[in-house]
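Convention: sequence-line order gives letters A, B, ...; per-chain numbering from 1. Hydrogens, waters and symmetry mates play no part in the numbers below; they use all other heavy atoms, side chains included.
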There are 2 protein chains.
Amino acid sequence: MNERMRIGELAERAEVTPRTVRYYESLGLLPHGEREGGGQHYYRPEMVLRLRKIEQLKKLGLSLEEVAGVIDLYFTDPSGLRAKHKVLGMLRAHLATVDQKVGELQQARDELQAHVVRFEQWLEVQKKG
Amino acid sequence: MNERMRIGELAERAEVTPRTVRYYESLGLLPHGEREGGGQHYYRPEMVLRLRKIEQLKKLGLSLEEVAGVIDLYFTDPSGLRAKHKVLGMLRAHLATVDQKVGELQQARDELQAHVVRFEQWLEVQKKG
DNA sequence: GCTAACGTTGACGTTTACGTCATGTTTATG
DNA sequence: CATAAACATGACGTAAACGTCAACGTTAGC
């Protein structure tokens, strides 16, 4: 009963809109939901995870085009040893760029915290003086 | 000789374009450069830092409007004890949201790394088998 | 089996964050 | 002091990432 849902439920579970789902399908970011006889599309629950991952990567500052270039690394495991090694290389490269970005943001956070601390200490001194 | 520059140099040092500087001025993100007699604007070197900070906050996913709401917390220290306490509160709130965002991105990074490790271990096993 | 809720397709609209001229003025340099 | 390089201002253009509306077909609950 948890198997396969329509676009409305998928969108809701992934906290996006149906429009966004269709837009991503049109960009090849998301496989098209399969039709069952009628004209409507049905999606497997794992697509929720894929959508969430796409949103995560967007928050890292990747464009949808860039996301399209890496999203498969997360969700399709390649058949064949050769392909697996290739994908591993790409995953490492991807991890490196993500590390870079997160590192910069972490630094911004640390600078902000340092600023807050300086501020607090200044006020501490005033209270004693 | 390091004191005050024109828009071209400011932009270059902050790694943005002059257009961006003017756009930010128009949004109130950046104070307008002061004119010296003629029609041209001159900027003090600290504006480079302000611009860099704006770009940092953008990378954290803040819109320019949101940046406008917090950028002064970094660069203007309020006069008056009352005001200082108020700003401290805002700084702490800002730090909390930044922590939230960076935390999520850090988690995305960790998930990616875990994925890479799983991949590596799988290949390790294959080599031995 | 009817009706409300949901989905489909296509097209046009919107917001954010600038890019890119055009035209006139200002500044720096040989 | 002439002239190229840089700046000012205004207007229009653009790319990304969707929003929104219309017109029509599908599905689900009573």
Next on the checklist: Hydrophobic clusters here meaning ILVMFWY residues chained together by side-chain heavy-atom distances under 4.5 Å, can you tell me if A:Leu95 and A:Val87 are in one?
Outcome noted: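 Yes.
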Item to check | Same apolar cluster: A:Ile7 and A:Tyr42, side chain cutoff 4.5 Å | outcome: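 No, no single cluster joins them.
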Checklist entry - Among A:Glu34, A:Glu9, A:Glu46, whose salt bridge (charged side-chain N to carboxylate O under 4.0 Å, His left out) with A:Arg4 holds? => result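 The option that passes is A:Glu34.
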Once you round it to whole Å, what is the distance between [atom2] of [N] and [atom1] of [X]?
X       : N      : atom1 : atom2 : answer
A:Leu57 : D:dA17 : CG    : P     : 13 Å
B:Leu51 : C:dA17 : CG    : P     : 15 Å
A:His32 : C:dT9  : NE2   : C1'   : 12 Å
A:Leu30 : D:dA17 : CG    : C1'   : 15 Å
A:Glu25 : C:dG7  : CD    : P     : 13 Å
B:Leu10 : D:dA8  : CG    : P     : 11 Å
B:Leu62 : C:dT16 : CG    : C1'   : 14 Å
B:Glu66 : C:dA17 : CD    : P     : 9 Å

Item to check | Annotated protein contacts, base or backbone, on nucleotides 21-30 of chain C with a non-hydrogen cut-off under 4.0 Å, one of B, S, - each | outcome: -----SS---
Item to check | salt bridge (Lys or Arg N to Asp or Glu O under 4.0 Å) between B:Glu120 and A:Arg92, intermediate numbers included | outcome: CA-CA 10 Å; B:Glu120 284 168 342; A:Arg92 282 179 172 146; 2.6 Å; yes
Would one find a side-chain N or O of [X] under 4.0 angstrom from OP1 or OP2 of [N]?
X       : N      : result
B:Thr20 : C:dG19 : yes
B:Thr17 : C:dC18 : no
A:Arg22 : C:dT9  : no
B:His41 : D:dC7  : no
A:Tyr23 : D:dA16 : no

Pairs under 3.5 angstrom only: tabulate donor-acceptor contacts from the side chains of residues 74-83 of chain B to other protein residues two or more places apart or in another chain.
residue : atom : partner : partner atom : Å
B:Tyr74 : OH   : B:His94 : NE2          : 2.8
B:Thr76 : OG1  : B:Asp72 : O            : 3.0

Checklist entry - Is the shortest heavy-atom distance from the side chain of B:Tyr23 to the side chain of B:Leu64 under 4.5 Å? => result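 Yes. Closest side-chain heavy atoms under 4.5 Å.
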Item to check | Side-chain H-bond candidate by donor/acceptor type, B:Lys53 with B:Gln56, under 3.5 Å | outcome: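 Result is yes, a qualifying pair exists.
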Checklist entry - When you measure from the side chain of B:Glu65, which nucleotide among D:dA17, D:dC12, C:dT16 comes out closest? => result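 Of the options given, the side chain of B:Glu65 lies nearest C:dT16.
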